[in-house]
Structures are given as structure tokens and as C-alpha cells.
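These notes concern the structure reproduced below.
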2 protein chains.
Amino acid sequence: MPDFIIFEDNDPLRESLVYMLNSDKRYKVVYESNSCEHAASLTRIHQPDIVLMDIDMPGISGIEGVKLVKETRPETAVIMYTVFEDDEKLFACLCAGANGYLLKKTPPARLFDAIEEVLEGGAPMNPSIASRVIASFKKKQGNQKYDLSPRELEVLQLLIKGHSTKIIAATLFISFETVRSHLKNIYNKLHVNCGKEAIAKVLNERIL
Amino acid sequence: MPDFIIFEDNDPLRESLVYMLNSDKRYKVVYESNSCEHAASLTRIHQPDIVLMDIDMPGISGIEGVKLVKETRPETAVIMYTVFEDDEKLFACLCAGANGYLLKKTPPARLFDAIEEVLEGGAPMNPSIASRVIASFKKKQGNQKYDLSPRELEVLQLLIKGHSTKIIAATLFISFETVRSHLKNIYNKLHVNCGKEAIAKVLNERIL
DNA sequence: TTAGAAATCACTCAAAAGGGGGATGCCGGT
DNA sequence: ACCGGCATCCCCCTTTTGAGTGATTTCTAA
């Protein structure tokens, strides 16, 4: 049963979302909040599968909120639920790692579809949003969500072939210790703790 | 009259094969080579009906050779003619598209039978080879070429999520040392030396 | 019935990997 | 001129892993 957290400052709307989701026995809202103030710690504590996030909230915006959630727990799917239709906020959210982008005019039934869609790894969004995203692909290349340096990429590519630190060092003609440094930085950027996790993450999420 | 190409680096053997086949007025050897270096272009040029292919050759192996021939001209029948009886090479050849697999200990008379067999669309192979192929089909469904036990599969599935030995042990409610035993066996069966290589191999070759 | 697998656990030893520091030099932007 | 990112290297220390051996139990198939 997927766990939800809802960030939405409009009280009636938030409550009706909570009510809707909890009415469906497939879902469970484990937390609701009217601000992104503690998005990171809430995510760490509740380990939600899906986060519904408004953009326009007092204090920390939903765009920052997405970053906080994703940095804390990248596997949590974040669906933006907002009135904003302008490109700037849209792309800011997607760059921050949002999995879906729904307008508040979206009928509730479509919301449930969207939830199922993200659970299956999809990226639900309104048609008008989708077309803008497609259009942007002509130039925008969303590779570096992990912001790895060129050298780190080289090291990572060797790592995911299963090579040891020694072999990587020999291959790149640099010292063992340097490779270790790169690996430490890579692990931090990928939010993993060891090479095995890194390989698993990269290959499963086809990051490279 | 079916045309032959023979790839065999052992000169006396290759020459005797050529002599044998050309002595039979039903067959014609249109080319012979001691390496698979130009297997693709030779196949394109001579359009052979049958290729006799050794496995162990300097440079490009016969296994690669089969691929080259089959990619160039799928209707050409390839008969592997080799001393190797081990499963790994056998299955590699069959996966690469070999039509038959004969051991060099096969008497010449049987070789002619085999040629007729492939010309009729059959798949000639020595009984010992055939039995291994049949045997492999029982398990081939579940996990493919690596014959992992059910428990080993469970461990491997956790491994490729990047989990540590400790975590795997806790997840399966077995001891740390048992997981280590399973991992050692898995590494042997996958022909790798460490977990990172195993993850890389499994995910890159989408074995699971 | 017995030989062989599968699964379980244990112990040793050495190598590899991970986490924490810190240091240097280079380069680009403010 | 200064700061930050990048790449390079070094040290210390702990944990994890790999490799080798060996043992027990259970179950199945020859």
C-alpha cells in the first residue's frame, strides 16, 4: 500500500485530497502539511512512496520542496499539483526531479490515474504540459541530474563494468587514491553508500 | 551442388577435410581459411551453403565466426567442428546460431551424414552433446544459462539491488556466513570474482 | 540405498572497499 | 585577488568481501 505525503497550503483543498486518497483503500496518507518547511525530515521519517506537492506555498516553495524530497529519498515519486501553467515553474519543477505535473483543474478521476501511472514509473501530466515538455527536448538534455564531473563520469563508467578500484586507476593512469576520491564523490552525488549500490542504481535507472 | 567454406587453423586437418569433401562429387569447397578474420566478407563473396567452423582459432574465435557468418547470410548452415565439449562454449555457439555441433572425434562417415542432415534442415550433433542440450532445456526457462539454485537466485536478486551481505542475511533470515556461501557459489557459476562484477554482468546482460 | 545437490553455518586470512581527514595545483568567474 | 569546483594524491582506521576449507542436514534421483 503506497504511502503519501501531501504538501498543500490551501486547507480545504488539502483536506479534501487527504479524504479522497484515504477513502480509497489502496492508498494511505501518512502525513499532510501546509508548508515545505520540514519536507526533508518528513521524507526521511515517513519514507513516502508518493508526494503530492503544491507549488505556491508560503515560505519554501514547492520547487524547493521537490529538491528537498528528492535529495532525501530519490525513489519517492513527486507529483506537482498546481495552478501554474507557465514554462519557467514547470521546467524548474522537472529539473528539480518532479515525476509528474498536474494542473489543479484536472478532474479527481484523472488524479487517481496519475497516481497509478507514477507507481508504474510513468510521468503523468496534462496534455498541454506534455506538449511543452516534448517541445523543450529539442534543446534541453536532462542527463546530469546528478551533476557528475567529466572525470567522475569516466570513473563511473568503468565502475559499472564491474572493475575494481585498482583496475580503474590503471586504466585512467591515475593513482589508486585519486580513484577512491572520485568514487567517494560519486557515491555522495548518487546518494549511495557503496559501489554495489551505485552500479545497481545506474544500471537499473539507466542513468548513463 | 552445395558450396562449402572451411575455417580451421590446423593445416593438416583442414586440408584433409577439403580433400575429403572435394573427393565426393556431391560437394565443393569454395574456400578454406585458417582464421575467421574475414568470415563476413568471405561469406558475402562465396555465398556458401555450409560452413565448417573450428572453435579454437587464433584471433577471432569460431564463436565470433558463427555470428559473423550468420549475420551476413542467415541461410548458410554452420557446423561447429571442435574438440571442446564444455557447456559454456557449446551454448555460446548455439546461441550464436550454429546449426550443428560435432566433436572432432566424430568418424568421417558421420561427418557426411551430418552434412546431409543440415542440408535437410536438421541439427546434427554427437549424442553426448545432444543430451546436454536437452538437459539444459529443463532449466533454460527459469534462469537461462547459469543454472542457479532457487536460493541463489533469491540472493542474487537482492545483490543486484545493491544490498550488502548483512542486509541480505537479515532479509532472508539466514546467517551472514550462509549468504557468503551462496555468493561464492553464485560468483563461480557466473564466472565473476566479486559482487560488483556480478551486478554488472547480470544487469548489463539482463540475465534476470 | 547411496551419491549428490542444496541449504545451512563456521572459521581463518588477506585483500578490497568505505569513511574520515587533509593537501596541492589549476582554472574560471566575480 | 579570492573563492569554488575539479582533479590529483596521501594517511589512518574500520568494515566488508573474497577465497579456502570443512561440517551438518535434508531431499531427491539413480
Side-chain angles (χ1 to χ4, degrees), chain A residues 67 71 143-203 208, chain B residues 87 127-128 131-132 134-203 208:
Chain A
K67 290 181 191 166
E71 280 168 13
N143 172 31
Q144 301 315 325
K145 56 181 163 178
Y146 294 100
D147 192 33
L148 297 172
S149 75
R151 200 51 157 172
E152 285 162 356
L153 271 176
E154 286 185 85
V155 172
L156 183 54
Q157 277 160 357
L158 292 172
L159 181 74
I160 64 175
K161 290 184 169 184
H163 294 157
S164 68
T165 308
K166 264 189 189 174
I167 301 294
I168 295 173
T171 305
L172 297 178
F173 302 106
I174 56 180
S175 97
F176 178 80
E177 287 298 332
T178 302
V179 176
R180 272 166 49 78
S181 285
H182 287 313
L183 287 175
K184 290 173 199 172
N185 294 329
I186 290 169
Y187 297 163
N188 279 327
K189 291 183 180 180
L190 295 190
H191 307 293
V192 298
N193 300 304
C194 67
K196 292 191 302 187
E197 279 183 43
I199 298 171
K201 176 160 194 161
V202 170
L203 295 182
L208 289 183
Chain B
D87 285 5
S128 63
S131 68
R132 271 213 285 283
I134 299 302
S136 81
F137 264 95
K138 294 178 195 159
K139 317 165 183 175
K140 214 71 168 203
Q141 316 308 329
N143 82 74
Q144 257 122 47
K145 39 188 177 288
Y146 297 99
D147 192 34
L148 297 172
S149 75
R151 199 52 155 174
E152 285 163 355
L153 271 176
E154 286 186 83
V155 173
L156 183 54
Q157 278 160 355
L158 293 171
L159 181 73
I160 63 175
K161 291 186 167 182
H163 294 156
S164 69
T165 308
K166 266 189 186 173
I167 302 293
I168 295 174
T171 305
L172 297 178
F173 302 107
I174 56 180
S175 100
F176 178 80
E177 287 298 333
T178 301
V179 176
R180 275 160 53 83
S181 283
H182 286 313
L183 287 175
K184 289 172 205 170
N185 294 329
I186 290 168
Y187 297 163
N188 279 327
K189 290 183 180 179
L190 295 190
H191 309 294
V192 298
N193 299 305
C194 66
K196 291 191 303 188
E197 280 183 40
I199 298 172
K201 176 159 193 164
V202 170
L203 295 182
L208 289 183

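Residue numbers start from 1 in every chain, and the chains themselves are labelled A, B, ... in the order their sequence lines are given, proteins ahead of strands. Any value given below was found using the heavy atoms of this structure, including those in side chains, with hydrogens, waters and symmetry copies removed.
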N/O-N/O pairs, protein side and nucleotides 13-17 of chain D side, under 3.5 Å:
unit_1	atom_1	unit_2	atom_2	d
D/dT16	OP1	B/Lys166	NZ	3.2
D/dT16	OP2	B/Lys166	NZ	3.3
D/dT17	OP1	A/Lys196	NZ	2.8
D/dT17	OP2	B/Thr165	N	3.4
D/dT17	OP2	B/Thr165	OG1	2.7

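- Atom CZ in A/Phe173 sits about 13 Å away from atom P in D/dT8, given to the nearest Å.
- B/Asn193 comes within 4.0 angstrom of the backbone, heavy atoms only, and of no base.
- Annotation: salt bridge (Lys or Arg N to Asp or Glu O under 4.0 Å) contacts involving residues 157-173 of chain B, sequence neighbours excluded, are absent.
- Rounding to the nearest 0.5 angstrom, the gap separating the CG atom in B/Leu190 from the CG atom in B/Leu148 is 5.5 Å.
- For A/Ser164, there are no side-chain hydrogen bond (donor to acceptor under 3.5 Å, both in side chains) partners two or more places apart in sequence or in a different chain.
- Put simply, the side chain of B/Ser181 and the base of C/dC9 share a donor and an acceptor less than 3.5 Å apart.
- The heavy-atom pair separating A/Ala200 from B/Gly162 by the smallest distance is CB-N, 3.8 Å.
- A distance of 4.5 Å separates CZ of B/Arg151 from CD of B/Glu154, quoted to the nearest 0.5 Å.
- Annotation: side-chain hydrogen bond (donor to acceptor under 3.5 Å, both in side chains) contacts of B/Glu152 (sequence neighbours excluded): B/Ser149, B/Lys189.
- Axis orientation changes by 40° from one end of the helix from C/dT1-D/dA30 to C/dT30-D/dA1 to the other, with each end axis drawn from 5 pairs and the value rounded to 10°.
- To the nearest angstrom, P of D/dG20 lies 15 Å from CG of B/Leu183.
- In this entry the distance linking CG of A/Leu172 with P of D/dT8 reads 8 Å, nearest Å.
- Rounded to an integer number of Å, the gap from CG of B/Asn185 to P of D/dG18 is 13 Å.
- Put simply, CD on A/Glu177 is 12 Å from C1' on C/dA16, counting in whole angstrom units.
- Counting to the nearest Å, the C1' atom of D/dG18 and the CG atom of B/Leu190 are 15 Å from each other.
- Checked against salt bridge (Lys or Arg N to Asp or Glu O under 4.0 Å), A/Lys196 has no partners two or more places apart in sequence or in another chain.
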Give me, pair by pair, the N or O atoms of the protein and of nucleotides 3-7 of chain C that are less than 3.5 Å apart, along with how far apart they are.
unit_1	atom_1	unit_2	atom_2	d
C/dA7	OP1	B/Arg151	N	3.0
C/dA7	OP2	B/Ser149	OG	2.1

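- Distance check, rounded to the nearest 0.5 Å: CD1 of A/Ile199 to CD of B/Glu197 gives 9.5 Å.
- With sequence neighbours excluded, the residues satisfying side-chain hydrogen bond (donor to acceptor under 3.5 Å, both in side chains) with B/Thr178 are B/Ser175.
- The side chain to side chain contact (heavy atoms under 4.5 Å, CB included) test with B/Thr171 is passed by exactly one of B/Ile167, B/Ile168, B/Ile174: B/Ile167.
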List the protein contact pattern of nucleotides 24-30 of chain C with one symbol per nucleotide (5' to 3'): B for base contact, S for sugar-phosphate-only contact, - for none; contact means a heavy-atom distance under 4.0 Å.
-> -------
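- With sequence neighbours excluded, the residues satisfying side chain to side chain contact (heavy atoms under 4.5 Å, CB included) with A/Tyr187 are A/Leu159, A/Leu183, A/Val192, A/Ala198.
- Atoms CD1 (A/Ile167) and C1' (C/dA15) sit 13 Å apart, rounded to a whole Å.
- We find that NZ of B/Lys184 is positioned 16 Å from P of C/dA15, with the value rounded to whole Å.
- If you take CG on A/Leu153 and NE2 on A/His182, they are separated by 11.5 Å, rounding to the nearest 0.5 Å.
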